[in-house]
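Please read the structure below before turning to the comments.
In this chain, numbering begins with 1 at the start of the sequence shown. Order of appearance sets the numbers: ligands from 1, and atoms from 1 within every ligand.
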Amino acid sequence: MTATEERPTPMGYGPMNRKEDARFVRGHGTYVDDIVLPGMLHGAVLRSPYAHARILSVDTSAAQAHPKVRAVITGETLAGLNLAWMPTLSHDVQAVLATDKVRFQGQEVAFVIADDRYSARDALELIDVDYEPLPPVVDARKALDADAPVIRDDLEGRTDNHIFDWETGDKTATDDVFGRAEVVAAQDMLYPRVHPAPMETCGAVADLDKITGKLTMYTTTQAPHAHRTVYAMVAGLPEHKIRIISPDIGGGFGNKVGIYPGYVCAIVGSIVTGKPVKWMEDRSENLMSTSFARDYHMRGEIAATREGKILGLRVKVIADHGAFNGTAQPTKFPAGFFGVFTGSYDLEAAHCEVTGVYTNKAPGGVAYACSFRITEAVYLVERLVDVLAYDLGVDPAELRMRNLLRPEQFPYESKTGWEYDSGDYPKALRLALEQVGYEELRAEQAAKRERGELMGIGVSFFTEAVGAGPRKHMDILGLGMADGAELRVHPTGKAVLRLSCQTQGQGHETTFAQIVAEELGISPDDIDVVHGDTDQTPFGLGTYGSRSTPVSGAATAVAARRVRERAKIVASAMLEVSPDDLEWEKGRWFVKGDPSASKTISEIALAAHADLELPEGVEGHLDAACVYNPPNLTYPFGAYVCVVDVDAETGQVKVRKFVAVDDCGVRINPIIVEGQVHGGLADGVGMALMQVMAFDEDGNHLGGSFMDYLLPTSMECPSWELGETVTPSPHHPIGAKGIGESATVGSPAAVVNAVVDALRPHGVRHADMPLTPAAVWRATQGDPIRTDLAIT
Ligand code: MCN
Ligand code: CUM
């Protein structure tokens, strides 16, 4: 299937070109940087050149004297407005502008507002900050050393860099299993720090109307309502006087969930100058100072019988949270979601301990198409299964097949308490192996090895947990995880759907219209999807954790069903029969036994707005709303097989073939689902082979541009070969599960497993990402790439 084919609009689920593409491909999208308001000023952020330094003084006088500068804001200005601190995603606080110390390179120190963005940038150079450099802590494993400098000395009573200890699973049962296991395989591994790097960087236009006191904020956010509530709670701005508008978004991938100091500075800029203020990051700022992901140092152990029955998992993690993104609630996200590390396997016991630490790096660790730490969890268990296969001399696909959860075990409660809703795992793996031609590939590999050529086949199987909610797994500032949908059918039978979630490229304007179409028989072309504006949409927590379909999709389907029931009563009045005598067929209610006596949804809509005599208690018009509180997460899954050729001379890895079988339950729009998978697979190749946010030992950031922080292009990606199985979610109104992050979660292990498999003739058992040519070449020279973790 290709997205460019002309195809008819389906009346419901099915392949359909994206409605939003009509404006995107013509260059008519409206992004934050396209917003221009009368009298608008421009802000720029002064950032710290040091990873760790005391601020002795900040002299802004020369900048203030610049003819085009309207204001210069420092931490002191903010303190006067009660806006010095803002919350991070995980219940920590972060200084909006540093006052006492800077704690990572790129941290925000001052904000200049000028008539144009060039003058604002120029004036940054006129600010004189006197720093006293302090020794930085860059390596999370060293952050806990007794002599490590204390990064968060702003927090009362803090004398070290330790944030939290969190554990899950049954330690006694796990130790017991390991005590009697015939085989134990252990491996240290690092999931390096990476960055989501959306094409559009972060930014905002803040516009405070001094007469009405209303703040309108155009901003790059995946979660407009959550941002509004946070500003209200933290800044004390009245919530009804804040309107967040998230216009078209050029990719989020988790980067646009949190709140950044630049947003708060833009608001303060508008308060101080009385004019709209725009702030837009450049690429380096985005890469250096917005949320990172991963940075997990993991030690995993897997216990099994000699026959290859997996018995247990034991894991220790040191989690690098950077300078601010600590967490007050590790049992929930972001640490808590790592609890799905038992993956897709039937085992007896598991236990894991995570220690979170502060380092002098940008705050992060939370999001990048990840479902909050599930990427790390899947990578860990899928590498461990391969390490076990290596030690046992068993084929890794065969080892997985022996240990996967069986269909009759669902719904399945994992050993760490996660309720997997549905799945047929062996079927997905069998399909992937058949589709890739596994047997033939192994034969080809054996022949190549004879000739000294390096070819590898990597298998991974993943279970995702998406739908961010219910509250036991996640909450934001004490809010629950419900999302709303409001559906109104106009008199002429066209409809508008208002959503609390916000698309950043996932195609919501299309798929959510398709959900309504499926339920009501109104063409998706006749349904407008409104989102991204808090004044126009119902409250909800937004788009991340692939929760739009699991949560807002459910709200949409339920709202549409409520409209259908309302329509039934109107139809019964029109047809002068009892509602019990009516039957639904997509798009119309008809009289049982007399299908010719029927009313279409648009006939009903018109009548519902007329002065038809409706039964007692039934209101006119045709609309309904739903607030959906998810009872559980949804658990999509998949089986991936990656084939690589490695050039022994140069260490270059070529991904030759990649088969991905995904199951996300019922698919609303298969081409959008496939697009989501394509993107995620490219992400996985990138992380496995090239993407890494590196730092030198002084805490200097080494990936501030796309010349240094390498993203995969089509040149590094094969033509993806996709397959599917469909196991509906039993608790979701339309049986759909999320898909937005599956491939990013599942694919890195497949690629790494393939490269390690290719290097087997060199005795390589594990290699850490990214597997750059240099790293791979070193491995072929007998220098195994190892992370020697000092976790005891
Ligand atoms: N879909 C479907 N059938 C299903 C499941 C999903 O047709 N069974 C469709 C959905 O209706 C939606 C899309 O696939 O149009 C993705 O749905 P879903 O899995 O619900 O994920 P979200 O819409 O909540 O998107 C969030 C998810 C996340 S968390 C990240 S990170 C990510 C991802 O989406 N960021 C993206 N994919 C992205 N794709 C683009 N283009 N840009 C991003 O920033
Ligand atoms: Cu984990 S990145 Mo997405 O949830 O926005």
Side-chain angles (χ1 to χ4, degrees), residues 12-16 18-21 24 89 194-200 220-223 248-258 291-294 333-334 337 364-376 464-469 474 483 499-515 518 524 529 531 540-554 556-557 634 636 662-680 682-683 724 726-729 732 734-745:
Y13 306 153
M16 173 179 167
R18 302 196 326 166
K19 290 171 51 156
E20 42 271 80
D21 287 345
F24 289 148
L89 257 185
V194 289
H195 191 281
M199 271 303 145
E200 180 204 31
T220 50
T221 176
Q222 301 177 213
D248 287 326
I249 300 292
F253 306 103
N255 190 232
K256 292 168 180 166
V257 181
S291 78
F292 293 80
R294 331 287 191 241
F333 83 108
F337 278 78
V366 182
Y368 168 6
C370 57
S371 305
F372 308 118
R373 299 297 191 201
I374 296 178
T375 317
E376 291 91 321
E464 256 265 72
V466 301
M474 189 161 186
D483 276 64
L499 296 172
S500 55
C501 59
Q502 160 67 346
T503 190
Q504 312 111 49
Q506 297 90 340
H508 291 181
E509 288 165 48
T510 307
T511 46
F512 281 79
Q514 288 184 270
I515 296 174
E518 179 76 21
V529 174
H531 51 198
L541 277 302
T543 294
Y544 41 82
S546 302
R547 65 192 297 279
S548 303
T549 307
V551 187
S552 299
T556 300
T634 66
D662 271 278
D663 191 321
C664 57
V666 172
R667 294 180 175 210
I668 300 158
N669 186 331
I671 53 173
I672 285 187
V673 167
E674 288 175 14
Q676 290 290 301
V677 174
H678 286 179
D683 264 344
E724 67 173 271
V726 176
T727 317
S729 167
H732 189 275
I734 61 171
K737 304 180 180 188
I739 188 66
E741 297 160 301
S742 287
T744 316
V745 167

*Hey, does Gly545 sit under 4.0 Å from ligand 1 if you only count heavy atoms?*
yes
*So is Cys664 close enough to ligand 1, meaning a heavy atom under 4.0 angstrom away?*
yes
*In the protein, what heavy atom is nearest to atom 34 (O) of ligand 1, and what distance, to one decimal place, separates them?*
Gln506 NE2, 3.1 Å
*asked:* Tell me whether Gly251 reaches ligand 1 (any heavy atom closer than 4.0 angstrom to a ligand atom).
replied: yes
_Suppose we measure from atom 8 (N) of ligand 1 to each protein heavy atom; which comes out shortest, and what is that distance?_
Val666 O, 2.7 Å
*Which is closest to atom 5 (C) of ligand 1 in terms of heavy atoms, Gln514, Lys737, Glu509?*
Lys737
_Lys/Arg N to Asp/Glu carboxylate O, Lys256 vs Glu200, below 4.0 Å_ = yes
*Out of Gln676, His508, Met16, indicate the one that has the non-hydrogen atom closest to atom 37 (N) of ligand 1.*
Gln676
*Closest non-hydrogen protein atom to atom 20 (O) of ligand 1, residue and atom name please, with distance?*
Thr549 OG1, 2.6 Å
_Check for me whether Gly675 has a heavy atom closer than 4.0 Å to any atom of ligand 1._
no
*Nearest to atom 19 (O) of ligand 1, what protein heavy atom do you find, and at what distance?*
Ile739 N, 2.6 Å
*Ligand-side contact atoms (ligand 1) for residue partner Ile672, heavy atom cut-off under 4.0 Å*: 9 (C), 13 (C), 14 (O), 15 (O)
*asked:* Give me the residue, atom name and distance of the protein heavy atom closest to atom 7 (O) of ligand 1.
replied: Asn669 N, 3.0 Å
*Report yes or no: does Gln222 contribute a side-chain atom to a donor-acceptor pair with the main-chain N or O of Thr543 at less than 3.5 Å?*
yes
*Just go through Lys256, Arg547, Arg373, Gln222 and tell me whose heavy atom is the nearest to atom 5 (O) of ligand 2.*
Gln222
*Near atom 1 (Cu) of ligand 2 (cut-off under 2.8 Å), count of protein N, O or S atoms*: 1
*asked:* Tell me the closest heavy-atom pair linking Ala736 and Thr634, and the distance in Å.
replied: O-CG2, 3.9 Å
*Which residue owns the protein heavy atom closest to atom 22 (P) of ligand 1, what's the atom, and how far is it?*
Ser548 OG, 3.5 Å
*In chain order, what residues pass the salt bridge (charged side-chain N to carboxylate O under 4.0 Å, His left out) check against Asp662, with sequence neighbours excluded?*
none
